[in-house]
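Report on one structure; see the data block that follows.
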Amino acid sequence: MVRFILSKLLFLIPTFLGITIIAFGFVRILPGDPVLLMAGERGVTPERHAELSAQLGFDRPLVMQYLEFLNRLFHGDLGNSLVTKKPVLTEFLALFPATVELALFAIIIATVIGVPVGVLAAIKRGSWFDQVSMTAALVGFSMPIFWWGLLLIIFFSGILGWTPVSGRIDLLYYFPDATGFMLIDSLMSGQEGAFTSAVSHLILPSVVLATIPLAVIARQTRSAMLEVMGEDYVRTARAKGMPQRRVIGVHALRNAMIPVVTTIGLQIGVLMAGAILTETIFSWPGIGKWMIDSISRRDYPVVQSGLLLIAGMVMVVNLLVDLTYGLINPRIRAS
Amino acid sequence: MTPVVEGRAITRDYHAAGGMFSKGSTVRALKGVDFQVQKGKTLAIVGESGSGKSTLARIIALIDPPSSGEILIEGKPVDIAARRPGPEMRSKVQMVFQNPYGSLNPRQKVGDVLMEPLIINTKVPAAERRERAQAMLQKVGLQPEHFNRYPHMFSGGQRQRIAIARALMLNPSLLVLDEPVSALDLSVQAQVLNLLADLQDELGLTYVFVSHDLSVVRYIADDVMVISKGEAVEQGSREELFSNPRHPYTQQLFAATPATDLDAIRARVERRKAARLAAEA
Amino acid sequence: MAILNIRNLTVTFATATGSFTAVNGIDVHVDRHEVLAIVGESGSGKSVSMLAVMGLLPDTATVTADEMTYDGRDLLKMSPAERRKLIGREITMIFQEPVASLNPSFTVGFQIEEVLRINLGLSGRAAHDRAVELFTAVGIPDPEAKLKAYPHQMSGGQCQRVMIAIAIASEPRLLIADEPTTALDVTIQKQILDLLMKLQEDYGMALILITHDMGVVAETADRVVVQYKGRKMEEADVLSLFEAPQSPYTRALLSALPEHATGDRLPTVSDFFQEEPVR
Amino acid sequence: MSDTTVKLSDAAIRRRMLAEFWFYFSQNRGAVAGLVVFALLVVVAIFAPLLAPHGAATQYRDALLLPPVWQEGGNSRFLLGTDAVGRDMLSRLIYGAQYSLFIGIVVVSIALVGGIIIGLVAGFFRGWVDAIIMRVMDLILAFPSLLLALVLVAVLGPGLTNAMIAIAIVYQPHFARLTRAAVMGEMEREYVTAARVAGAGNMRLMFKTILPNCLAPLIVQATLSFSSAVLDSAALGFLGMGAQPPTPEWGTMLAEAREFILRAWWVVTFPGLAILTSVLAINLMGDGLRDALDPKLKRS
């Protein structure tokens, strides 16, 4: 198992280097003068250009530039935003919890509903429950979530007036960031109504974000269960006289979970893509919105480093998924 | 007379790929095997799973190269590691595989299956290719109408006939048969074995017949090689080997093969009766 | 004294292209302490009737029978709960692919102790000790260590021994073995068959052996049922069957055995028996 | 084997196989519904100029934000109402179908061809070629697809063509991986060895022997990618990085309509509904195709 973890870790190195190369190369393949793009200035004199070029290290050979880029990266220097002038890493860390809170909530909703629905649909294959839930799943899977978000806003915020349209909490409340997670911070602030407000802000965006992963997880769980229920060892469990509950809940489910865990893990990447749209619709101050804003503002240092950080994060999550996979699959664990 | 195929000290190593932290290990699947087969004869290679018999079959069929040792086809050494066997070699050695469901391309019509070797290896014109393929279908007991059908429209026995027909399209002198009847039902097995015997007589074919089933081997083989853990533990003519198995492994194999003769059954039934009576007393 | 009695069993499967009758009006019975072999080639429906007894057929199957009794009790009229009390306790079954028949996610120890705990109500410690005993009884060396192994870490023969240990855990009165040695080498086949016969005698259980292999029949059976395309062709004690087969199909099967070859050619089924044309 | 051979001509065999395919496909009612909707979509896209009552960009200054005809204030000239600059919603939606289909076809073609070649090479040759190719594919997959597409568009410049290229690049690794897995699975099977024994060279093995047997999962993935491409390009349009106004692309229409969501529900609802319906139809078809092509399900 230790060997398994270590080999997985080692496999990350080339991928991570690849990510840094893509992030590094990104600025160089942009149309226009990279020096000016990264400095955020236009129409400068040749002297100023040379000065900026030296300052940003563009005057050195490409390989040296890359090594310098890596070196700064390992020292936590990801450059500064052209707009706010603040370090990119500082901005990222400030916005990151908002996205994590949203994504975590979404994946919890998707898993907690998706897995049981998938299992039930598989057991009652062909029943009305199976048909209705799988049709719903296919609709969810086909949903343009940016539109879905708008519909929910029209209905719940516009018509019913139950939920707020945007943001993480009412402006009424103010308390300092302790953890960056609004649910925890609002509870800790002790202010009356703060927690409820945080929850009501979180609910629509996380439902929207959860839609596609929920559909994917439900469908995947169903097909994994159906496949596993046809296996010889499930027949053995029945032949052993095990109660139906145990045949499904222990023998089948345990094996069906192996591909499902992988699917859940893969949804993290989907969530990050979804977060870009969801955060934009709900003005949720997270890294998805930060990225799209930076792209449209041509804040290239932010885009460059954001790309790197997000890909790095997805990579780490994938590693965790791989490890979980190894943990629940004895064929890997025991070898 | 030059043997059709000869193997000299054939070995084959498999390298298990090492992980990031473990060294790759080497498994020797064949540990120096010698054999030769004369024209028109059948050499049976008998062994259990993991004995290396299929590895040997693939080497003889010029699919995999041996790690060391030499394969001679009609007296000429062939080294496929150095040079891919050309049309000339392919026309001499062909193979029939164990699983008739896996060995035919599901997207290829029977006619195309049969004509493919001609297209690749010869300059036979299209019309003649078709003629030859249809003639071959008839030879193996199928009908010319089967020409345009897909493999999934046939039973296991029929598929194995198609596989045999494909192997014969280039008029080979040597046919390597890797458990050709073990996936078939008993009644179909008999038909395919008869077909193989007929074809051998008619075309003067030489067979290397790989099997785990001693009763089949006894029926079809002229010479037998018993192989265990990569070593040929015993080799000899069929009569010799079946009347007087010498190696302990061969004896073990004979002992394990179920006996279907009446005396054996009678003896067993008596034993059981006696044991039952003893238990009740 | 029949322990299992089946009369006029018919099993039909609903398929996408219409219904398909796998078993067509079969009578089977097996007595206490008896070894019954059900022989047939692929498509003969030889496994289906026993899967019907075990209640292991998929939902697409329809089972009808004039009688299907175990020990005088009607299996067809039984509630699922009642039936489950028999299945896995008094009637047990082992299968063709031993490695695939064991759950890859659990140790073999878990899989045998589960039966001991749930079906027999043994406590954890007692279940473990009994599992060791059973592993010893089926000839698994170093049982303590092997209990902790996963199926993929064991050979096919050993997995079949584990399956047998699970099957005899409750000292059943009827064991059904569905092609138990087909996936195994001959030497291992011999060991497994010897083990099954020894256990059958020691425990005094009835054994139904489903097989396509006449050799296995000759080595094990007291009585034989020959099936072809869902119908029973012949039923006889083993010696009479080999000595004087009554049905043309049995005669054909026996003469197709290569070891019975007398001349250059093997007689084939069509020499004896006009097959029904296949669609 | 008594063989009762029925004479079957080539055409009869082909008909029989098609009939078999249709039999399994039509078992799935959703798939048939999806096919019907998709066919309608194709017809609408092809005959858009004939079907649309108005031009896609024609502005009626006297009819701004008119509601659909069945709602109070609606006008029978504009069945689904008008948008903020007085363009007919229905006509814009009809023209939008052209874009969706075009995007799907282009993206899938690029990704499919690239993915098949890359996957075939990786799966067939294995070893270091495979290792390098798969590392690069992993790398692309490490980036959330929409983010990578966004960044690519930022590099290439916003616009429909660039959006399609970006989406195709992002999708291509899925095809490569799928092809590779399928190729590796097929390579294990004996018919490939048999073809080798028949003397087939690498090119023949790859393209004539193996590839045709890998097509089933690729066709299913292609339909899935088709629908994802429609979704993702709409998302890019919505974020202002895809097709640019006044193109009647559905995502772009939604982006323009955002500020009116609480005032004029129809400008938001209909383009989204159009996206959902077409994506759903294609996905339903994909499910039916999988049922009809997947031999594992066929057997049960």
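Computed over heavy atoms, backbone and side chain alike; hydrogens, waters and symmetry mates excluded. Per chain, numbering begins at 1; letters A, B, ... match sequence-line order.
A pairwise comparison of heavy atoms in A/T236 and C/M163 identifies CG2-CE, 3.6 Å as the closest pair. In plain terms, the two heavy atoms of C/A100 and A/D232 that are nearest each other are O-CB, 3.3 Å. Closest approach of A/P330 to C/P104, counting heavy atoms only: CG-O, 3.2 Å. The two residues C/Q111 and A/K240 have their closest heavy-atom pair at O-NZ, 2.7 Å. Of all non-hydrogen atoms in C/N119 and A/G241, the two that sit nearest each other are OD1-O, 4.0 Å. Heavy atoms only, all atoms of each residue included: A/A239 and C/M93 are closest at CB-CB, 4.5 Å.
Both the backbone and the side chain of A/V250 come within less than 4.5 Å of a heavy atom of chain C. Contact annotation for C/I118: only side-chain heavy atoms (C-beta onward) come within less than 4.5 Å of a heavy atom of chain A. Using a 4.5 Å cut-off between heavy atoms, A/M229 does not touch chain C at all.
Most heavy-atom pairs under 4.5 Å with chain A: of the set C/A81, C/S101, C/S170, this distinction falls to C/S101.
The ring pair (Phe, Tyr, Trp, His ring centres under 6.0 Å) search around C/F20 returns none, not counting sequence neighbours.
The structure places CD of A/E231 at 12.5 Å from CG of C/L102, a figure rounded to the nearest 0.5 Å. Taking CZ from A/R254 and CG from C/N103, the interatomic distance works out to 8.5 Å, rounded to the nearest 0.5 Å.
For C/F106, the CZ atom sits in a packed shell: over 12 heavy atoms of surrounding residues, nucleotides or ligands are nearer than 6.0 Å. Counting heavy-atom neighbours within 6.0 Å of A/L266 CG, excluding the residue itself, gives a total above 12.
Pairs passing the salt bridge (Lys or Arg N to Asp or Glu O under 4.0 Å) check and including a residue from residues 91-102 of chain C, sequence neighbours excluded, do not occur.
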Identify each donor-acceptor pair in which a side-chain atom of residues 53-60 of chain C lies under 3.5 Å from a protein atom, sequence neighbours left out, and give them as a table.
none

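Residue-level contacts of residues 127-140 of chain A with chain C do not occur; threshold 4.5 Å between heavy atoms.
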